[in-house]
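In the text below, chain A, chain B and the rest are named by the order of the sequence lines, each starting its count at 1.
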Amino acid sequence: MSLPQHVASPTKPDLPQRRALQGFGRTILGWGEGNLRDLPWRRTRDPWHILLAEVALQQTQAARVAERFVELTTAMATPTATVHLGKAGVISLWSGLGYNSRAVRLFQTAERLVESFDGEVPGTNAELQSLPGIGPYTAAAIEAFAFERDVAVYDTNVARVIARAVLGAPTSTKVGFELARSMVPKHSGWLFNQAMLDFGATLCTARSPSCERCPLRRRCAWRNSGDEQDPARTTAGTARPQGRFEGSARQGRGRMIERLRRSSATFEELRTATGWDDDAQVATQLNDLMTAGLLSKRGAKYFLG
DNA sequence: CAGTCGTGGCC
DNA sequence: TGGCCAAGACT
């Protein structure tokens, strides 16, 4: 006897069957075998180096992280070395990568690993997500790329590919993630997930997908639907509108941190770095940066960390 | 849940 | 030129 594999709900559009999902998965896997970019973190299985790369890759293009990978993994070779480097040292190294709070959390994670995990990156998803700066994406990436587990990695690239090729319709993170899980070919989690990320980053891109050379074009649900509207645009987990950066408080904070990477500085020197003329605004932003653990004040001077 | 968090490259 | 978006996480 056999139970029905899937019963379509009368109210919700039915999802692709497991068999179809595995077909998409195998095609992506095959594409990856000949098309993976040569990125430095793909040549190692060192969990700490992969953790480091994955944190740096959060909301940051792979190419920009690639050119810094050797520098980062040399200076922060192990969690212990990272702790010895100190928080200010880690923030200093983070120059140019953006989202400076990631440097603070990375340092805190190194501390936690030394204190509670014998200096090693833990193996379970729950333990990984308990670390500062490690969320659902990064935890899964470490599982797949360092420990070679057949889990699904779900990021903006994967969400886009699934919304377009698999569903041809916008979807939630919950559903998209579940579909991604069903696509992972057994024993090939490492390559499949790397391939999914590259597939989205280089072929099924956000602005101008290369449908002509896409191995999924026959099966692409978006293409077959004939819809003009890109289903990825309103799918959870894909890019959201961002405020103007030029002239923003964000830009001013970034300039203050960058100034402190050179040396400690006075309030006036930091104000100058922002290009602002409003002391109150400078004070407000300095307080926020202190709260975030990015800087501290001793006497009349401000310091990184 | 919706806002917020840097910085740079590309069209 | 200026808008868009990039291997997300946290509050």
- Taking the six-membered ring for Trp, is the centroid-to-centroid distance between A:W31 and A:F199 below 6.0 Å? yes

- Task: For B:dC11 versus C:dA7, give the span between their P atoms, rounded off to a whole number of Å.
- Result: 15 Å

- Message: Counting the atoms with a prime plus P, OP1 and OP2 as sugar-phosphate, which does A:W41 contact under 4.0 Å by heavy atoms, base, sugar-phosphate, or nothing?
- Response: base

- Atom P, compared across B:dG6 and C:dT11: separation rounded to whole Å: 14 Å

- Counting any heavy atom closer than 4.0 Å, what does A:S208 reach on the DNA or RNA strands: base, sugar-phosphate only, or nothing? nothing

- First and last nucleotide of DNA chain C, 5' to 3', lying under 4.0 Å from heavy atoms of chain A: C:dG3 to C:dC10

- Item | Sub-4.5 Å side-chain heavy-atom contact between A:V55 and A:W94 | yes

- Message: Within the 4.0 Å heavy-atom criterion, would you say A:R233 contacts the bases, only the backbone, or no part of the nucleic acid?
- Response: nothing

- Query: So which of A:R255, A:R262, A:R261 actually passes salt bridge (charged side-chain N to carboxylate O under 4.0 Å, His left out) with A:E258?
  - Reply: A:R261

- Hey, does A:T156 reach any base, or is it just sugar-phosphate, or nothing, if we go heavy atoms under 4.0 Å? sugar-phosphate

- Message: Let me spell it out: for each of A:L131 and A:Y137, pick the nucleotide of DNA chain C with the closest heavy atom. Which residue's pick is nearer the 5' end?
- Response: A:Y137

- Task: Identify whether any heavy atom of A:A141 sits under 4.0 Å from a base atom; if not, whether one sits that close to sugar-phosphate; answer base, sugar-phosphate or nothing.
- Result: nothing

- Note on the structure: Whichever of A:I134 and A:L39 has the more 5' nearest nucleotide on DNA chain C, that residue is A:L39

- A:R42 to A:F145, cation-pi by 6.0 Å centre distance and 45° axis angle: no

- Item | Under-4.0 Å salt bridge between A:R160 and A:D230 | no

- Message: If you define the side chain from C-beta out and look only at heavy atoms, does anything of A:W41 sit under 4.5 Å from A:H49?
- Response: no

- 4.5 Å side-chain heavy-atom contact, A:V121 and A:F117: no

- Message: Using side-chain heavy atoms (C-beta onward) and a distance below 4.5 Å, is A:L15 in contact with A:V175?
- Response: yes

- Will you find, in the side chains of A:T235 and A:R164, an N or O donor that is under 3.5 Å from an N or O acceptor? no

- Message: Across nucleotides 3-9 of chain B, 5' to 3', mark each nucleotide with B, S or - according to how protein heavy atoms within less than 4.0 Å reach it.
- Response: BBBBBBB

